[in-house]
Amino acid sequence: MDRRRLIKTSGVVAAASALPAVVGAQAAQAGKTPNILIAICDQMVLDAISAYRRHFDHKAYLCHWVDTPNLDELVANGVSFTESHSPNPVCCPARASIFTGRYAMETGVIYNNVGIDRKLPNMGQWFETHSDYDRVYCGKWHAGGPWNNPTIGGGRKIPGFDTLPNGPDIWGRDMDYGVSSSVEAYVRNHADDKPFLAVAGFMDPHDICFWGANLGSGQSRKTDFFRLEGDLPVLPPNRTYQFDEIWRQPSGLSDMQWQNYIYDYCRMVERLDRNVGRLLRAVRDRGDDTVIIFTADHGDGVARHSRISKWHPYEESVKVPLIVYGPKFGIRRNVLDTTHLVTGIDIMTTVCDYAGIKPPPKSRGRSLRPLLEGTPTEWRTSVFIELRRVGRVIRTAQYKYVMSYQAAPGPSSAAKSKAYVSRRDGKPSEFLQGEGNRLKRVNKAMLFDMKDDPWETRNLAGDPRFRAVIARHEAILRDDYEAHIVPGHEFIRK
Amino acid sequence: MIARTLRSLGIPQGPFDPDGDYTHTYVDGTAFSRRHVAGEVTIRREAGGRLHVEAYRRTPDRTHSYYTIADLMCRADELSTPDSWEVESKIAEKAAGPAYLSSGLKKRAEVKNGVLELREGKSRHTLALAGRYTCKLCLLDAVQRLPRLGTKEVQFTLIDEYDQICPRQTLRLRGKTKAAVRGGEVEVYLYDHIGIATVPGTYCVDASGRLLVYVAGMQALILSGENGHKAGYTK
C-alpha cells in the first residue's frame with residue numbers, strides 16, 4: 001500500500017499531512033537501536049482516549065467523557081490503531097500472548113492464573129539471550145501463575161527481566177503512581193551505554209472490576225450520589241442488547257448505576273493517563289531515544305451489552321488501544337490507522353524488529369514496522385482471537401464471527417479443573433500440551449456485520465443469507481490458524 | 001463504608017488545631033472488605049506552613065517498599081496551597097536507604113504567577129496552573145481547616161501526586177452528621193471530592209477538624225496515630 005492510499009484509508013488526523021514524514025534514515029542517523037518502553041494497562045477500552053473524538057463521533061464513546069492529554073500527545077506524535085485487538089480478552093491469557101508472541105493454545109495460559117509453558121521464551125528471556133538490552137519489569141505482570149506483580153528474586157521473578165518491585169496486590173491506586181515514578185526514574189537514570197527494554201505494568205482501570213463490591217456501595221439505584229449531574233456520561237445505544245451466549249451474564253445495574261460506573265471508569269483512565277505522562281516526559285527529556293508502545297491486555301464492558309468486565313467477544317472487550325511512538329526512529333506522527341487488523345500478538349515481533357533481532361521461532365505476530373513507518377506492505381485480512389478456552393473469534397474487515405466450544409474429555413492437568421488456581425506459593429500451574437484445544441463445538445455462534453452494525457446489536461449467524469460468510473470464516477479459522485498453530489490439533493467437531 | 005470504618009476507630013483524645021504543629025499517620029489500604037493494608041502515610045505540619053509528607057507502600061518483595069518523601073511550603077488556606085516543594089521517590093529497603101535499581105528520583109517544584117516550574121532530574125519544565133491549586137496529599141491537611149472556615153465548596157486544580165495536572169476539581173461539603181465511633185459518638189463533617197482523574201471520594205473530619213477517614217474508590221486512608229499516639233484503629 002503506498003503512502004497516499006494509506007493516508008486516505010486510514011482517516012489520518014487532519015494535521016498529519018502537514019507534518020514531515022520521518023523516514024527510516026533518521027533512525028539510522030541515530031546509529032543505535034532504540035530503547036523500548038512498553039506501557040501496558042489493564043482493562044482499557046480502545047475509545048477511552050480524548051484524542052479519538054473525531055473518529056468515534058457517537059457521544060456514548062468514552063473519548064467524549066475523558067480528559068487524557070498525555071495519551072493524546074502519544075496519539076498526536078505516533079501511530080495509533082483503531083482495529084487493535086486483544087489476543088484473548090482475559091488478563092493472563094492476553095499478557096502471556098503479548099509477551100511471547102504465541103496464542104493461548106500454545107502458551108497453555110487458557111485462563112487466569114496459569115503459568116506460561118516454560119519451553120516458550122518470554123520477551124525478557126529472548127532479549128536476554130539475543131541482545132545486549134537491559135531488561136526491567138515494574139508493576140502488573142499476571143502471566144506467571146496465581147500472582148500479579150513480580151519480586152526481585154524467587155518464584156515470583158519474571159525470567160529474563162530485572163524487577164522494580166511495586167504493588168503488593170491487586171489494588172490499582174496502591175501501585176500505579178509507584179510504577180510510573182519508578183519506571184520514570186529508571187528511564188531518566190539509565191546510562192546511554194546499553195539500550196533498555198522497560199515494561200510499566202499499570203493496574204488502572206482494572207479496579208472497576210470491584211465497582212459493584214466497593215466503589216458503588218452506598219449508591220442507590222437512582223440517586224446521583226456525588227452530584228455529578230452533567231458529567232454523568234451518555235449510556236451506549238446497545239446497553240440493553242443481549243444474546244444467547246455462554247459468556248458471562250449481564251449485570252443488573254440501573255441506568256444511574258451504569259452512569260456512575262462509567263464515570264468512575266473514566267476517572268481511572270485519566271489517572272492512568274497521568275502515570276503515562278510521567279513516562280512520556282522522561283522519554284522526551286532523554287531526547288526521544290525510545291520507542292514507546294502503549295496498549296492494554298483487554299477492554300471492559302462499560303455497560304455495552306449490559307456487561308461489566310471482559311471475557312466476552314464484543315468490541316468493548318476485545319478492542320484495546322495500541323499506540324506506538326518513536327519519532328526519532330521513523331515512526332510517523334499523528335497517524336490514526338483505521339484499516340489494518342492488528343493484535344497484541346504483534347507486539348513481540350515488533351519490538352524484536354526495532355531491537356534488530358529475530359523474533360522467537362513460531363512467533364505468530366507480524367512486525368508493525370511497515371505500518372508504523374508507512375512502508376508499502378501486504379497485510380493480513382483477518383485477526384484471530386481466543387476467548388478463554390471456549391471461544392474462537394475470526395474478525396475480518398467487515399465481519400466478526402464467534403464460535404463457541406466446551407471442554408471435551410481427555411487428559412487434563414490440575415490447571416484445567418480449576419478456573420482460578422488459588423495457590424500463592426508462586427509456582428505456576430502446570431498444563432498438558434494441547435489441553436486447551438480438546439474442545440467440542442457447541443451450537444452457539446454469533447456473526448456481526450461490523451460495518452453496518454458497529455454496536456453489535458444484530459446476530460446474523462442464524463440468517464441463511466450469511467451461510468457463505470460463515471463458511472468462509474470457518475475456513476479462515478481452520479486453514480489460517482488452527483492448522484498452522486497446532487499441527488495435529490485435537491479439536492473435536494460435532 | 002465510612003460509617004463502618006468509624007465504628008472501629010478510637011478517636012484521639014484532646015484538642016486538635018489544624019493550624020498548629022501536629023503529626024498524623026494514616027493506614028493506606030483498601031476500602032474493600034478484606035481491609036488490605038498497603039502502607040502508611042504520615043503527614044507532619046510545622047509552624048510556618050511546612051508540610052512533611054512521608055508515604056510508603058509495601059511491594060511484593062517484603063524486603064523493599066516504595067517510598068515518597070515530600071517537603072512542601074504551604075499556605076494556611078482552604079487548600080493548603082503549596083508554593084514550593086521537593087519530593088523524592090524510590091524503591092528501597094528503608095526510607096533512608098539507597099534506591100534500588102535506578103528507581104530513585106528527586107523533583108523540585110515552585111509556583112510563581114500561575115506557572116509551575118518543575119525540575120525533574122536534570123530537566124526543567126514549566127506548566128500553566130489556572131486558578132487555585134494544590135497537591136493531592138496536601139488535601140489531608142487542608143480539609144481539616146474547612147469546618148472552621150465554614151467552606152461549602154472550593155474549586156481548584158489538582159497536582160497528582162506532585163507533578164501531573166488534573167483540572168476541574170471540586171471539594172464540596174456533603175453535610176454534617178453524628179457518627180458512632182469506638183466508645184461513643186462524634187459529630188463529623190463530610191466533604192466530597194470529584195474531578196478529572198479523581199475517583200469520587202469523601203473526607204470525614206471531626207468537629208475540631210481532625211481528618212479521620214478518606215475513602216475514594218478502592219482506597220481508604222484511616223487515621224492510625226496522632227502526635228505519636230495510636231488512634232486505636234482496629235482492622
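Here is how names work: the chains are called A, B, and so on, in the same order as the sequence lines, proteins then strands, and each is numbered from 1. Given the structure is predicted, the values throughout are model-derived calculations rather than measurements.
When side chains are defined from C-beta on, A:Glu184 counts as touching B:Lys107, because their heavy atoms get closer than 4.5 Å. Proximity of A:Met268 to B:Met218: side-chain heavy atoms (C-beta onward) are nowhere separated by under 4.5 Å.
Contacts between residues 166-173 of chain B and chain A, defined by a heavy-atom separation under 4.5 Å, are made by B:Cys166, B:Pro167, B:Arg168, B:Arg172. Residues of residues 83-103 of chain B lying under 4.5 angstrom from chain A, judged on non-hydrogen atoms, are B:Ser89, B:Ile91, B:Tyr100, B:Leu101, B:Ser102, B:Ser103 in numerical order.
Taking every heavy atom of both residues into account, B:His64 and A:Pro165 meet most closely at CB-CG, 4.4 Å. Of all the heavy atoms in A:Phe226 and B:Gly201, the pair that sits closest is CE2-O, 3.7 Å. The heavy-atom pair separating B:Pro200 from A:Tyr263 by the smallest distance is CG-CE2, 3.5 Å. Contact record, B:Pro60 with A:Arg156: CB-NH2, 3.8 Å, taken as the closest heavy-atom pair. Listed here is the closest heavy atom pair of B:Thr198 and A:Arg267: O-CG, 3.4 Å. In plain terms, the two heavy atoms of A:Arg274 and B:Ile196 that are nearest each other are NH2-CG2, 3.5 Å.
Contacts of B:His125 with chain A are made by side-chain atoms alone, with heavy-atom separations under 4.5 Å and no backbone atom involved. Using a 4.5 Å cut-off between heavy atoms, B:Lys122 makes no contact with chain A at all. Within the 4.5 angstrom heavy-atom criterion, no atom of B:Leu158 approaches chain A. For B:Ile2, no part lies under 4.5 angstrom from a heavy atom of chain A. Looking at A:Pro69, neither its backbone nor its side chain comes within 4.5 Å of chain B, counting heavy atoms on both sides. Interface residue B:Thr68: only side-chain heavy atoms are found under 4.5 Å from chain A.
In terms of modelled atom types and a separation under 3.5 Å, the side chain of B:Asp61 and the main chain of A:Ile152 share a donor-acceptor contact.
Ring orientation note: the planes of B:Tyr162 and A:Tyr177 are tilted relative to one another, at an angle of 30° to 60°.
Using a 4.0 Å cut-off between charged side-chain N and carboxylate O, A:Arg278 and B:Asp163 make a salt bridge.
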